[in-house]
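Indexing begins at 1, ligand by ligand and atom by atom, following the structure's order. Everything numeric here is computed off the predicted structure, so don't read it as measured data.
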Amino acid sequence: MEIKGFDVGNDFLTKEWLQTIQWSAGTEDVMLPDILRLDLIHPLISGNKWLKLEGWIEAFNNSHAKGIVTTGGLWSNFLHACGYACFMHKIPLHVLIKGNANMHNPMLDDLKRWNVEITFIHRHQFYDTSFGQDIAHAKGFFYIPMGGDGEQGEKGVIRWMNALPLKQYDILCCASGTGTTASGIAKSNIAFNNLWVFDPGTGDESIQQKCNELSTLIPEKNIRLFQLKNRFGKLTPALEAFMIHWFNQTNIPLDFVYTAPMCFRLQSMLAAGEMRKECSILIVHTGGLQGNRSHPLLPKG
Ligand SMILES: *Cc1c(COP(=O)(O)O)cnc(C)c1O
């Protein structure tokens, strides 16, 4: 079977995309969750961002616009993935980044290498969605919302999930930012009883709304939102220690913003006996490893 997608991910199914790990939380209980390694999709186009981009780039192609405008933060996984995808397909890309012109980091260096036009914008412009839309409109460009959020992004996720031969699970675990990926997973053909969505401290209230809508749409599934108490994107010493411990146990690198806080929480639930060790679990690894470059000592795979 082949997954269509601009040459990215075509060989995904030949990789070890589904791995079972042995996971203990210091107690005698060992769990054997499966990990869906979306981080293996492509060395530069990270995890779930490619799924969403597939949907968005298809919409761009149908729009006959001259290029793409999108927006994000200084370490944005979405901008990184979008930058490389546009470079590959020779699509002009203009990104609006929250920050100021003196800023430098490896993510920005990559974008420059891929001929991405960068404009630094202020906070208030960043949170004003019409700002980016207006710039796109003025240039005859196509606008993609921050993080690849929206129906097109969700469509890409659903298409990928439907193409993956997965068994039935009691619990699917997925970290959320915009919630697009979790929502696409919920609407796909994957057979599951519970979807656990982990908000790693974004403070975004709309994620609860999205989960409520999903529960209404598919009442036969349990959708549960865990709002973690962390500060979003903060690498605490405890989280760092967990990431190194996890990597030593599993040989799978996690990203410190999304997947590590989720797995850290799952580990504490396991240690507290809040999870039945015999239940079947799929943890979705949504990628994001390029962001670990902001902390030199983290495992990068
Ligand atoms: C962006 C991102 C998410 C969140 O995806 P949404 O579709 O916005 O909810 C989760 N994990 C990683 C690694 C990400 O980069």
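Within 4.0 Å of ligand 1, protein heavy atoms come from N48, K49, K52, N77, A175, S176, G177, T178, G179, T180, T181, D255, Y258, T286, G287, G288.
Taking the six-membered ring for Trp and the full ring otherwise, F60 and Y143 have centroids separated by 6.0 Å or more. A centroid separation of less than 6.0 Å is found between the aromatic rings of H295 and F256.
Remark: the backbone N or O of M107 is not paired with any side-chain donor or acceptor of W75 at under 3.5 angstrom.
Residue-environment remark: CD (E274) exceeds the threshold of 12 foreign heavy atoms within 6.0 Å.
When the side chain to side chain contact (heavy atoms under 4.5 Å, CB included) test is applied to E240, the partners found at least two apart in sequence or on another chain are L235, I244, L297, L298.
A salt bridge between D149 and K210 is present, with a side-chain N of the basic residue lying under 4.0 Å from a carboxylate O of the acidic one.
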